[in-house]
Amino acid sequence: MMLRRDGDGGHRHGRDRRAEVVPAPAGRARFTGDAPAVAVVGGGIAGIAAATLLAERGARVTLHESEEGLGGRLAGWPTRLADGTTVTMSRGFHAFFRQYYNLRGLLRRVDPGLGSLTRLPDYPLRHSSGLRDGFARVPRTPPLSALGFVALSPTFGPGDLVRMNPRAALGLLDVRVPEVYERLDGISATDFLHRIRFPEAAHHLAFEVFSRSFFADPRELSAAELALMFHIYFLGSAEGLIFDVPREPFPAALWDPLHRYLEGHGVDVRTRTPVREVRPLPEGGAVLTTDDLTTRYDALVLALDSGGLRHLVAASPELGDADWRDRIARLRTAPPFLVSRLWLDRPVAHDRPGFLGTSGYGPLDNVSVLDRWEGEAARWARRRRGSVVELHAYAVAPDADRAAVQAETLGQLHRVYPETRSARLLDERHEWRADCPMFPVGGYRDRPGVRSPDPTVTVAGDMVRTGLPVALMERAATSGFLAANALLERWGVRGQTLWTVPRAGRSAVLRRLAALAD
């Protein structure tokens with residue numbers, strides 16, 4: 001995969017001037033004559049990205065989604081509260097970082113100025129010991145970003161840098177993909193931080209909060225994913241850790257407009273239509289079976305979560321080859337997580353941030369005050385003179401008593417924001433899910449790439465190997481575009497140009513220092 005530096009135009013749309021461009025596969029502008037029929041299986045970010053690009057190039061696209069609406073793990077649905085108000089429930093807060101170039105490019109199809117997003121002023125963190133941290137004052141340009149974090153963070157004492165193992169830490173100065181997986185996929189994020197002798201307070205307050213954003217206990221998370229995150233947010237990008245959030249619930253802000261955009265480009269969007277089996281054809285393409293229909297397509301994009309992909313491949317014995325199928329079967333799903341949304345009869349204190357990452361508060365991983373930034377929640381809060389608060393608990397033990405976890409998470413909210421103890425709970429929703437990908441120690445080799453053994457079948461999703469420094473929602477969007485690009489290239493049609501943070505350490509000096517660790 002060839003990349004080049006951003007050059008003169010890299011600041012467009014606010015991109016880091018050192019962002020790298022992934023050139024689009026060359027070809028004619030779009031299909032002419034009889035265009036191929038392509039099925040995209042999965043209507044999350046990855047599937048929407050793939051369907052968008054294929055439809056823009058003139059392919060005849062059918063998008064299959066098993067749920068009622070698009071959005072995948074960012075979907076939303078209506079629910080009626082006890083007071084008669086209809087509101088939108090979802091699977092919770094997601095941060096749209098400025099480094100998410102390809103996701104933001106997808107959203108710009110329907111919102112060129114990204115007016116549907118609003119910036120939160122900080123990424124504040126709080127530990128039960130009383131330590132607090134944040135990133136608003138940290139410089140964004142590497143290496144000042146990392147140095148600023150160390151200088152400004154209360155978790156770094158005067159002797160902490162002296163006690164660190166510099167040789168073990170040097171590799172963080174030049175993170176490359178896929179080399180970082182070759183070096184660090186064999187140890188856990190926790191063991192890696194211990195190897196560096198990273199200060200224990202910073203370990204718990206900062207990096208544990210970030211690692212749990214992968215919905216995993218850092219003792220089981222691959223250190224390669226942690227190092228990649230360090231590169232994306234600290235030393236590889238000048239975008240920093242400031243992020244945006246949608247001004248309205250996910251369907252209204254994002255997915256309903258993109259649904260209309262897809263249909264305007266001829267996409268047949270079939271929600272509540274799970275695909276049960278895929279049967280490849282000798283001449284290429286495949287037959288898809290749903291509950292109601294069996295349909296032939298010229299190509300497929302499998303844009304499912306890891307569990308959904310495992311299930312569909314297991315139900316499709318002719319799909320792929322033995323090695324590919326075995327690797328798919330070994331994909332793991334992260335432990336369950338909880339999203340609790342609470343409608344309270346009074347506001348939280350006026351100085352509470354819209355989002356707070358927490359550590360040391362039992363199962364509670366973060367707190368969002370939705371009425372600080374989401375319009376629907378703000379309107380309800382004004383009418384009722386209350387507040388809408390959301391709590392997340394990640395990596396919950398599969399055999400945990402869920403009612404007890406919900407109660408403890410609420411109790412920890414009362415510790416974090418004591419004024420909520422006296423608030424009356426007007427309504428509540430608790431959403432339990434277990435469908436996020438797991439990135440365990442040693443698991444990288446089993447993750448699929450965009451291309452499958454069948455050239456007419458591609459794979460997309462946030463667990464897919466892209467060869468680029470992307471993660472989470474940005475990996476989903478990027479893989480979706482790459483999956484579409486791979487198909488378009490076969491047909492001689494121009495693909496989508498993509499962007500990424502640099503694929504190597506940003507500074508030549510730091511890259512030379514990193515070489516000392518070898």
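For reference, positions follow the sequence shown, starting with 1. Below, all heavy atoms of this structure are taken into account, side chains as well, without hydrogens, waters or symmetry copies.
With Thr79 contributing its side chain and Met89 its backbone, the two residues share no donor-acceptor pair below 3.5 Å. Side-chain atoms of His94 come within 3.5 Å of backbone N or O of Gly92 as a donor-acceptor pair. A donor-acceptor pair under 3.5 Å is absent between the side-chain atoms of Arg424 and the main chain of Asp345, judged by distance alone. The backbone N or O of Ser387 sits nowhere less than 3.5 Å from a side-chain atom of Asp371 that would complete a donor-acceptor pair. Side-chain atoms of Thr420 do not come within 3.5 Å of backbone N or O of Ala423 as any donor-acceptor pair. Under a 3.5 Å cut-off, the side chain of Ser479 and the backbone N or O of Gly461 do form a donor-acceptor pair.
Applying the side chain to side chain contact (heavy atoms under 4.5 Å, CB included) criterion to Ala400, with sequence neighbours excluded, gives Val396, Ala397, Val405. Asp446 is linked by a side-chain hydrogen bond (donor to acceptor under 3.5 Å, both in side chains) to Arg330, counting only residues two or more places apart in sequence or in another chain. Taking Glu419 as the reference, Arg352 meet the side-chain hydrogen bond (donor to acceptor under 3.5 Å, both in side chains) condition, with sequence neighbours excluded. Scored by the side-chain hydrogen bond (donor to acceptor under 3.5 Å, both in side chains) test, Glu431 finds Arg433 as partners (sequence neighbours excluded).
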Does the pair Asp185 and Ser222 meet the rule for a side-chain hydrogen bond (donor to acceptor under 3.5 Å, both in side chains), with working shown? CA-CA 5 Å; Asp185 197 47; Ser222 165; 2.6 Å; yes
Using the rule given for side-chain contact (heavy atoms from CB on, under 4.5 Å), can you reason through Glu67 versus Thr271, listing the C-alpha separation, both sets of side-chain angles and the distance that settles it, and then say yes or no? CA-CA 6 Å; Glu67 300 292 334; Thr271 56; over 6 Å; no
In sequence, state the C-alpha distance, the side-chain angles, and the governing distance for Asp16 and Val501, and then conclude on side-chain contact (heavy atoms from CB on, under 4.5 Å). CA-CA 8 Å; Asp16 179 359; Val501 300; 6.0 Å; no
Could you please spell out the steps behind the side-chain contact (heavy atoms from CB on, under 4.5 Å) verdict for Tyr101 and Glu474? CA-CA 7 Å; Tyr101 304 131; Glu474 179 68 351; 4.1 Å; yes
For Val441 and Asp191, what are the C-alpha separation, side-chain angles and deciding distance, and is it a side-chain contact (heavy atoms from CB on, under 4.5 Å)? CA-CA 11 Å; Val441 174; Asp191 289 344; over 6 Å; no
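In this structure the side chain of Leu344 reaches within 4.5 angstrom of the side chain of Leu425, judged on heavy atoms. Looking at Thr500 and Thr466, their side chains never come closer than 4.5 Å, going by heavy atoms from C-beta outward. Inter-residue side-chain proximity for His259 and Glu65 is flagged as unmet; no heavy-atom pair is nearer than 4.5 Å. At least one side-chain heavy atom of Leu262 sits under 4.5 Å from a side-chain heavy atom of Thr52. Using a 4.5 Å heavy-atom threshold, the side chains of Trp380 and Leu426 count as touching. Put simply, the side chain of Glu374 does not reach to within 4.5 Å of the side chain of Val388, judged on heavy atoms.
When all heavy atoms are compared, the tightest approach of Ala434 to Thr333 is O-CG2, 3.2 Å. When all heavy atoms of Arg327 and Pro448 are compared, the pair lying nearest together is NH1-CA, 4.2 Å. The minimum heavy-atom distance between Ala460 and Ala46, with the atom names listed, is CB-CB, 3.8 Å. The two residues Pro274 and Ser66 have their closest heavy-atom pair at CB-CB, 3.7 Å. Contact between Val459 and Ala483 at its shortest, heavy atoms only, is O-CB, 3.9 Å. Counting all heavy atoms, side chain and backbone alike, Val464 lies closest to Arg475 at O-CD, 3.5 Å.
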Show me the donor-acceptor pairs within less than 3.5 Å that the side chains of residues 240-256 make with the rest of the protein, sequence neighbours left out.
residue, atom, partner, partner atom, Å
Asp244, OD1, Arg98, NE, 3.4
Asp244, OD1, Arg98, NH2, 2.9
Asp244, OD2, Arg98, NE, 2.9
Asp244, OD2, Arg104, NH1, 3.0
Asp244, OD2, Arg104, NH2, 2.9
Arg247, NE, Gly115, O, 2.8
Arg247, NE, Leu117, O, 3.4
Glu248, OE1, Glu376, N, 3.1
Glu248, OE1, Arg379, NH2, 3.1
Glu248, OE2, Arg379, NH1, 3.0
Trp255, NE1, Leu74, O, 2.9

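Atoms CG and OG, on Leu120 and Ser368 in that order, are 8.5 Å from each other to the nearest 0.5 Å. Summarising the geometry, atom OH belonging to Tyr123 is positioned 5.0 Å from atom CZ belonging to Phe97; distances are rounded to the nearest 0.5 Å. Rounding to the nearest 0.5 Å places CG of Leu391 at 9.0 Å from NE2 of His430. The distance from atom CG of Asp365 to atom CZ of Phe215, rounded to the nearest 0.5 Å, is 9.5 Å. With values rounded to the nearest 0.5 angstrom, Glu390 atom CD is found 9.0 Å from Trp343 atom CH2. A distance of 7.5 Å separates OG1 in Thr86 from CG in Leu81, rounded to the nearest 0.5 Å.
Listed by first then second residue, pairs satisfying side-chain hydrogen bond (donor to acceptor under 3.5 Å, both in side chains) with a partner in residues 397-411 read Gln406-Trp432, not counting sequence neighbours.
More than 12 non-hydrogen atoms from other residues, nucleotides or ligands lie less than 6.0 angstrom from CZ of Arg421.
Ring geometry, Tyr100 versus Tyr233: the interplanar angle falls from 30° to 60°, so the pair is classed tilted.
Each of Ile45, Asp462, Thr478, Asn102 was scored for a side-chain contact (heavy atoms from CB on, under 4.5 Å) with Met473, with one residue passing: Ile45. The ring-ring contact (aromatic ring centres under 6.0 Å, His included) test with Phe93 is passed by exactly one of Tyr394, Phe355, Phe337: Phe355. No option in His127, Arg415, Gln412, Arg126 other than Arg126 meets the side chain to side chain donor-acceptor pair (under 3.5 Å) test with Tyr361.
Cation-pi geometry between Arg109 and Phe481 is not satisfied (NZ or CZ under 6.0 Å from the ring centre, within 45° of the ring normal).
The residues Asp435 and Arg91 are annotated as salt-bridged, a charged nitrogen and a carboxylate oxygen being separated by less than 4.0 angstrom.
In this structure, a donor-acceptor pair under 3.5 Å is absent between the side chains of Arg447 and Ser306.
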